[in-house]
Structures are given as C-alpha cells and as structure tokens.
Colleague: 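There's a structure below that I have some questions on.
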Amino acid sequence: MNKITLISLSVALALTACSDDKAASKEEVKQPAQQVDAPAETNNAMTAEEASEKLNQLFTENFQESLKFNPIQATMIGDRRYNDQLPNFLSEEFRQKSHDFTVKWLDKIKQIDRDLLKGQDRLSYDVFIYQSEMALEGEKYPGHLIPLNQSNNLAGFFAQLGSGQSVQPFETVEDYDNWLGRVDDGVVVLNQIIINLNQGIEQNVVQPKALMKKVLPQIKAHVVEDPTKSIFYKPIESMPDSFSEEDKNRLTEAYTKAIVEKLVPSYQRLHDYIKDDYMEHARDSFGLSEQPNGEDWYNYQLKTYTTTDLTADEIHQFGLNEVARIHEEMREVMKQEGFEGTLDEWFAYVQSNPEFYYDNEEDLLQGYRDLQEKVNKLLPTMFNIQPKSDYEVRAVEAFRAESAAGASYMPGSPDGSRPGIFYVNTFNLKGQPKFGMETLSIHEAAPGHHFQISLQQEVEGLPMFRRFGGLSVFSEGWALYAESIGKEMGMFTDPMQYYGRLSDEMLRAMRLVVDTGLHAKGWSRQKAIDYMMKNSSMADTDVISEVERYIAWPGQAVSYKVGQREISRLRAEAEEKLGDKFDIREFHTQILIDGAMPIPVLKTKIREWIDSKQAS
C-alpha cells in the first residue's frame with residue numbers, strides 16, 4: 001500500500017522576484033542548509049569520511065534500484081527509462097519483492113555506524129531508517145485488499161496517465177509507443193484489483209458502500225462505445241505535427257485497438273464486478289476501527305501521517321479546541337463587515353450571497369492565474385530562496401471531478417520541463433468561493449506545495465530519496481503554515497479574504513475532529529457531515545466530498561494541523577531564543593531547504609540551528 005500511496009499522491013508559480021534575490025536563491029539551493037556537526041567517534045573499521053562516502057553511495061544505488069522497481073516514480077521525476085512499464089503493484093509477488101527490497105536496503109544502511117555521520121548525512125540516515133521501519137510495520141495491515149476508493153485508486157490514476165495531460169509524456173513517437181506498453185501492464189493491474197477485492201470479501205476487509213457507489217461512475221466513464229470519446233484517445237488528438245504520416249496512422253490504429261480491445265473491456269469488467277458482486281458485500285459502517293484489527297490499524301495510520309505518538313483522543317481534543325478558537329476569529333470578521341447576527345446566520349449569508357461566487361469556470365481559473373502575479377511580488381519579504389520551476393492552473397478532469405477534493409497539486413519535473421499542476425475543482429462553483437481564493441492559492445502553489453516540493457527537488461546536495469520523497473505531516477503542515485503567514489506577507493488585506501483563510505483553517509481543524517470521530521469514536525458518515533455543516537460555511541457538496549475522503553484515507557487529514565502546529569512552535573522557540581538574531585527568511589530556509597522530514601528529526605535539526613546561531 002505504501003507504493004500505491006506514493007504514486008497517487010504525487011504532490012508552481014513563475015516566481016519573478018528581483019533578479020538579485022533570484023540569483024542568490026539559485027545559488028543557495030545548490031547546497032542544503034548548514035547543519036551543526038555532532039562529534040564523531042573513532043571507528044577502526046571505517047573513518048567518518050569513508051562512512052559518509054559509503055552512505056551516499058548506498059543512497060544512490062538504492063534510489064536507482066527503486067526507480068526500476070517503481071517506474072511510475074521515475075516517470076514523475078522526468079526519468080523516461082521505464083515509461084513503458086507498470087508493475088502489478090497489488091500482486092502478492094510484488095508485495096513480497098517490496099518487503100525484500102526494504103529489508104535489504106535497511107540492513108545495508110544500518111551497517112553504517114551512525115556515530116560516524118555528521119550534518120546532512122545523519123539527517124538522511126535517520127529519515128531513511130524511519131521511513132523503512134514504518135513501511136515494514138505497515139505490512140501488518142491489509143491495505144492491498146481495499147485498493148480502490150473514490151479519491152485514491154490506480155484505475156483513475158491510470159486514466160490520468162493516459163490522458164496526455166499528466167506526468168506521462170507524449171512528445172515523441174517513442175513516448176507514444178511507451179504508453180502502449182504501459183497499457184498492457186495496466187490491464188493486468190485492473191484485473192488484479194478485482195482479485196484483491198474478492199480476497200478482501202473472503203477476509204472481511206471491505207470498503208464502505210457509500211464510497212464504492214462513488215467509484216462506479218468513475219469507472220463507467222471509461223466504458224465508451226466510440227473509442228474517440230475515450231480519455232485514452234486524447235494523445236492521438238494532439239499528436240505533434242512533426243510525426244510522419246506513417247507513424248500517425250500506425251499510432252492511431254494502435255491506440256484505437258488498445259481502447260476497444262483492452263481498456264474498455266477491462267474497465268467494463270471492473271465496473272460490473274463492483275456493481276454486481278462487490279456491492280453486496282461492502283459494509284454499511286465507515287470507520288477503520290470496524291475492520292479486522294482496525295483500532296491498531298488506525299493508530300498506525302495516525303503515526304504514519306503525523307510521525308508522532310499522538311493518540312486519537314489527543315488529536316480529537318486538539319481539533320475541538322481549534323474549532324472554538326477559529327470561531328472567535330470569525331466573529332471578529334463579522335464585526336468588521338458590519339454583520340449583525342449569529343455565526344450560523346453568517347454561514348448562511350456567505351453561502352447564499354451570489355457576489356461571493358463565480359458563475360463560470362474560466363473566470364475562476366483566470367482568478368487563480370491572476371493571483372500568481374500578486375503573490376510573486378510579495379514572496380521576497382518572507383523568503384530568500386525560490387524555486388526555478390513553474391506551475392499551471394487547470395480544472396480537475398471531468399471524469400473524477402464529482403468526487404475529487406476542491407483543489408490539489410501535482411509536482412512538475414525537477415528540470416522544469418514539465419510544470420507543476422494546481423488542480424482546481426470546478427464541478428460546483430459554489431464550492432469555490434471568491435473569498436477562499438487567496439488562501440487556497442497560497443496552500444497549493446506558493447509559498448505552499450509548489451514552493452516546498454519544487455525547492456526540495458532542486459536541492460542538488462540531498463540524496464535522491466529525500467529530493468523526491470515526501471511526508472504528509474511536513475508537506476501539508478508547511479502548506480497550512482504558509483497560509484498562516486499570509487497576512488505578514490501582505491495578503492488578506494480584505495476582511496473577506498481573511499475570512500477565507502479562517503474558513504480553510506476551520507476545515508483543517510474540523511478534520512482533526514471528524515477523522516478521529518469516524519475511525520476511533522464510531523461516528524457515522526451523516527454525523528460527520530452534520531458536524532462540518534454546523535461549524536462552517538462550506539458547500540454541502542464539498543462537505544460530503546471531504547467526509548468521504550476521510551473515510552477512504554484514514555489519518556491523512558489530521559497531518560495538516562499537526563504539522564502546522566509543530567512548525568509554528570519551532571518558529572516561536574527560535575524567535576524567543578534568538579531575539580534580534582532571528583530572521584524570518586532564514587528560518588523559512590532552514591525549514592525548507594532540507595526537504596520533508598519526520599517531526600522528531602525536524603525538531604532536532606532546527607534546535608541545532610538555533611544553538612549554532614546563539615553561539616555565533
């Protein structure tokens with residue numbers, strides 16, 4: 001399941017700061033942030049220099065082997081060597097290979113004496129050990145038996161790949177032929193989904209009916225009578241003019257045949273199996289705790305997504321406290337706007353007032369594109385580094401829009417040849433209020449996800465597994481922290497835009513309550529929906545989509561606020577200890593420049609930086 005999560009999560013402003021700042025930032029990105037060297041003990045078998053060299057050699061070998069093992073990851077970072085391959089991630093054989101791969105490399109890395117390592121090497125060692133051990137612990141839980149849901153599944157991701165609008169390149173004849181190879185492998189994966197779902201029925205590990213009802217139309221969308229109407233035909237419609245007529249004709253025939261004879265029958269078979277067989281066995285409950293060994297499974301999910309030992313009860317209470325705090329800030333905005341009434345009346349007002357919403361998709365998308373320029377001019381006040389790569393604003397594809405989140409981000413390639421994508425869900429324009437645009441742009445683009453992920457990919461001094469890895473508590477925590485500094489950066493000057501920032505923070509606070517409520521406290525889907533409707537001005541379609549996302553993806557949604565709180569606490573600690581020596585831009589560099597890391601490792605790293613600043 002870890003490999004599947006990596007694939008489906010694969011998660012950019014044209015940053016136009018002053019030329020001097022930008023030149024400086026590019027130079028800084030080439031080297032990771034300075035680390036305080038811990039004393040190294042003498043080792044007769046290996047010197048500190050040899051340990052460092054050996055460690056980084058192993059990291060390089062591990063990453064190259066991992067790309068062959070997981071070719072989708074290679075595609076996502078712009079490595080085209082395996083673009084014709086798609087392993088059967090769900091098969092028992094692959095899971096065993098995955099286990100053996102993890103054990104082999106964990107053993108190799110542990111043979112390096114950690115006490116000999118310093119700075120970045122020690123950070124990399126700790127991150128690698130942590131992630132590998134968590135992956136092995138996760139093998140106890142049968143996520144492979146529920147590989148399909150409405151927001152995270154290989155069937156949908158495969159369609160995105162084949163659309164020509166995602167990470168799979170369609171630029172050369174070889175690219176087009178590569179995809180045909182991937183189609184054959186994809187058919188195997190689609191069939192394996194059925195096998196695994198059936199095994200799940202036998203072991204009483206099944207998805208909720210409410211989720212699988214949303215899956216059916218997503219799968220059905222790919223069952224077409226006319227192959228030219230298939231999303232998999234899109235690359236044929238946009239074949240480069242440079243292709244010869246012979247290649248155009250050959251590829252058109254091959255893609256048409258693949259759609260008619262392979263893809264449509266596979267999606268039809270999967271759809272019919274879910275509709276006619278699986279739905280009969282899908283469960284009426286919603287929480288992970290209702291699955292076999294579900295309580296322990298959920299605790300593992302919380303540990304995975306927060307990298308802490310916070311309990312479900314602690315997270316639930318944290319959420320309740322934050323909901324109450326944010327409500328008070330919302331009441332202050334109501335006063336500024338001259339609104340007299342209750343919070344519930346305010347929610348109804350902002351939901352129903354047409355001035356807060358666009359009436360067409362293109363205006364909404366253009367609004368986000370306009371925000372790029374606004375944010376670009378403000379970034380240098382808070383950051384002395386910026387990514388080189390760009391991002392685009394796009395609407396979520398129609399086939400998945402109804403069940404997709406309000407927005408998401410897909411990383412670009414590190415060389416900038418493929419920009420990042422900020423996806424905006426235009427399915428329901430009432431779910432995209434104008435007052436929420438500044439905070440959403442900050443979160444998904446800059447200085448949020450695009451900013452953080454792009455910088456991480458561009459840091460040449462980091463081992464590849466850190467440049468292209470990720471942790472939800474870090475990336476989502478950073479993006480939410482980025483929202484929280486919007487006012488300092490010069491955004492949210494309009495009280496309604498600040499309300500939008502509070503509204504989005506309220507969503508993340510409610511997630512703490514609802515996720516733990518669903519998976520640890522026996523909440524029903526309806527109770528979760530009612531709670532979110534009562535405490536926010538969110539559109540009902542957005543609330544339903546959010547709640548069903550939490551049901552499908554236990555624990556992930558709590559990572560936002562947990563990560564934000566830890567970054568904010570570290571900032572407060574640095575400000576207090578450093579006083580006049582504290583520089584917000586330098587602090588942000590320290591958080592970002594070493595890429596995603598578990599919270600305990602991040603704390604150690606920042607505290608060592610604080611100590612070094614105090615000593616200087």
Side-chain angles (χ1 to χ4, degrees), residues 7-8 71-72 75 80 82-90 147-148 150 153-195 214-276 394-404 410 421 423 426-427:
I7 295 167
S8 58
I72 295 295
T75 299
R80 301 189 176 203
Y82 313 111
N83 281 356
D84 61 336
Q85 300 172 31
L86 183 71
N88 187 354
F89 295 100
L90 299 174
L148 198 68
Q150 82 291 354
N153 67 76
L154 277 170
F157 181 72
F158 188 60
Q160 281 185 276
L161 283 179
S163 70
Q165 299 297 312
S166 184
V167 298
Q168 181 86 19
F170 288 93
E171 298 165 0
T172 67
V173 171
E174 183 181 12
D175 289 339
Y176 276 74
D177 284 327
N178 281 340
W179 175 247
L180 290 172
R182 219 160 229 179
V183 165
D184 291 336
D185 291 342
V187 168
V188 174
V189 174
L190 291 172
N191 289 334
Q192 186 71 44
I193 291 173
I194 297 174
I195 294 171
K214 296 293 179 70
V215 170
L216 284 171
Q218 294 180 3
I219 303 298
K220 189 68 172 178
H222 304 302
V223 181
V224 296
E225 293 185 8
D226 181 354
T228 67
K229 303 300 182 184
S230 171
I231 194 170
F232 294 101
Y233 195 81
K234 295 291 184 184
I236 295 299
E237 296 176 343
S238 57
M239 269 194 292
D241 292 337
S242 59
F243 286 12
S244 68
E245 286 302 313
E246 180 182 356
D247 280 328
K248 287 181 179 180
N249 292 334
R250 177 181 63 83
L251 290 169
T252 299
E253 181 180 351
Y255 273 58
T256 301
K257 184 176 181 180
I259 292 167
V260 172
E261 298 182 4
K262 298 175 182 179
L263 292 167
V264 169
S266 295
Y267 279 98
Q268 181 75 67
R269 185 161 48 249
L270 178 58
H271 174 274
D272 292 348
Y273 168 78
I274 295 170
K275 177 177 177 291
D276 298 333
R394 294 186 193 171
V396 171
E397 302 94 339
F399 79 88
R400 65 186 183 98
E402 184 174 0
S403 298
M410 179 174 286
I421 302 172
Y423 281 110
T426 60
F427 178 77

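On a predicted model such as this, the values are computed, not experimentally measured, just so you know.
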Colleague: Any side-chain heavy atom of Asp241 sitting closer than 4.5 Å to one from Lys248?
Modeller: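 Yes, their side chains come closer than 4.5 Å.
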Colleague: Count the heavy atoms of every other residue, nucleotide or ligand shown that sit under 6.0 Å from NZ of Lys275, and state whether that count exceeds 12.
Modeller: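 It does not: Lys275 NZ has 12 such atoms or fewer within range.
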Colleague: Judged by atom type as modelled, is there a donor-acceptor pair below 3.5 Å linking the side chain of Thr75 to the main-chain atoms of Pro71?
Modeller: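 Yes, the answer is positive, given that a donor and an acceptor are paired below the 3.5 Å cut-off.
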Colleague: Could you tell me whether a side-chain N or O of Arg182 sits under 3.5 Å from a main-chain N or O of Asp84, the two making a donor and an acceptor?
Modeller: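 Side chain of Arg182 to backbone of Asp84, a donor-acceptor pair under 3.5 Å: no, none is there.
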Colleague: I'd like to check the side chain to side chain donor-acceptor pair (under 3.5 Å) partners of Asn178; sequence neighbours left out, ordered by chain and number.
Modeller: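 Counting only residues at least two positions away or on another chain, Asn178 forms no side chain to side chain donor-acceptor pair (under 3.5 Å).
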Colleague: So, for Ile193 and Leu270, which heavy atoms are closest and what is the spacing to 0.1 Å?
Modeller: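 Answer, listing the atom of Ile193 first, then Leu270: CG2-CD1, 3.8 Å.
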Colleague: So, for Tyr176 and Pro240, which heavy atoms are closest and what is the spacing to 0.1 Å?
Modeller: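 Here Tyr176 and Pro240 meet closest at OH-CD, 3.9 Å.
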Colleague: For a 4.5 angstrom cut-off between non-hydrogen side-chain atoms, does Pro87 reach Tyr82?
Modeller: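 Not in contact.
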Colleague: Using the salt bridge (charged side-chain N to carboxylate O under 4.0 Å, His left out) rule, collect all pairs that involve residues 156-177, keeping only residues at least two apart or in two chains.
Modeller: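 Those involving residues 156-177 are Arg80-Glu171, Arg80-Asp175, Asp177-Arg250.
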Colleague: How many angstroms lie between OH in Tyr255 and OG1 in Thr228, if you round to the nearest 0.5 Å?
Modeller: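 Result: 15.5 Å between the selected atoms.
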Colleague: Is the Trp179 to Tyr233 ring centre distance short of 6.0 Å?
Modeller: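 Centroid distance Trp179-Tyr233: not below 6.0 Å, so no.
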Colleague: Do you know which two heavy atoms are closest between Asn83 and Pro169, and how far apart they sit?
Modeller: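 Where Asn83 meets Pro169 most closely, the heavy atoms are ND2-CG, 3.4 Å.
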Colleague: Can you confirm whether Val189 sits close enough to Asp185 that some side-chain heavy atom of one is under 4.5 Å from a side-chain heavy atom of the other?
Modeller: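 No, every pair of side-chain atoms sits at 4.5 Å or beyond.
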Colleague: Is it the case that the side chain of Glu397 and the backbone of Gln160 share a donor-acceptor pair, with hydrogens and angles ignored and the cut-off at 3.5 Å?
Modeller: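 Not a single qualifying donor-acceptor pair exists.
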Colleague: In Å and rounded to the nearest 0.5 Å, what is the NZ to CD distance from Lys220 to Gln268?
Modeller: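 With rounding to 0.5 Å, NZ (Lys220) is 4.5 Å from CD (Gln268).
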Colleague: Got more than 12 heavy atoms from elsewhere within 6.0 Å of CD, Glu237?
Modeller: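 Enclosed: over 12 neighbouring heavy atoms sit under 6.0 Å from CD of Glu237.
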Colleague: Please list all pairs meeting salt bridge (charged side-chain N to carboxylate O under 4.0 Å, His left out) that have one or both residues in residues 256-272, counting only residues at least two apart or in different chains.
Modeller: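 The answer is Asp184-Lys262.
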Colleague: Any chance you could measure Lys229, atom NZ, to Lys234, atom NZ, to the nearest 0.5 Å?
Modeller: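 Interatomic distance, Lys229 NZ to Lys234 NZ, rounded to 0.5 Å: 8.5 Å.
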Colleague: Classify the ring geometry of Phe232 against Phe158: parallel below 30°, tilted from 30° to 60°, perpendicular beyond 60°.
Modeller: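 Rings of Phe232 and Phe158: tilted, 30 to 60°.
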Colleague: Keeping the roles fixed (side chain from Tyr267, backbone from Val224), state whether a donor-acceptor pair exists under 3.5 Å.
Modeller: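 Not confirmed, Tyr267 side chain does not pair with Val224 backbone.
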Colleague: Check whether any side-chain heavy atom of Met410 sits under 4.5 Å from a side-chain heavy atom of Val167, and report yes or no.
Modeller: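 Met410 reaches Val167 side chain to side chain.
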Colleague: Donor-acceptor pair, Arg394 side chain versus Gln165 backbone, under 3.5 Å?
Modeller: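 At least one qualifying donor-acceptor pair exists.
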Colleague: Given side chains that start at C-beta, do those of Gln192 and Leu154 come closer than 4.5 Å, heavy atoms only?
Modeller: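 The answer is no, as the side chains (C-beta and beyond) never meet within the 4.5 Å cut-off.
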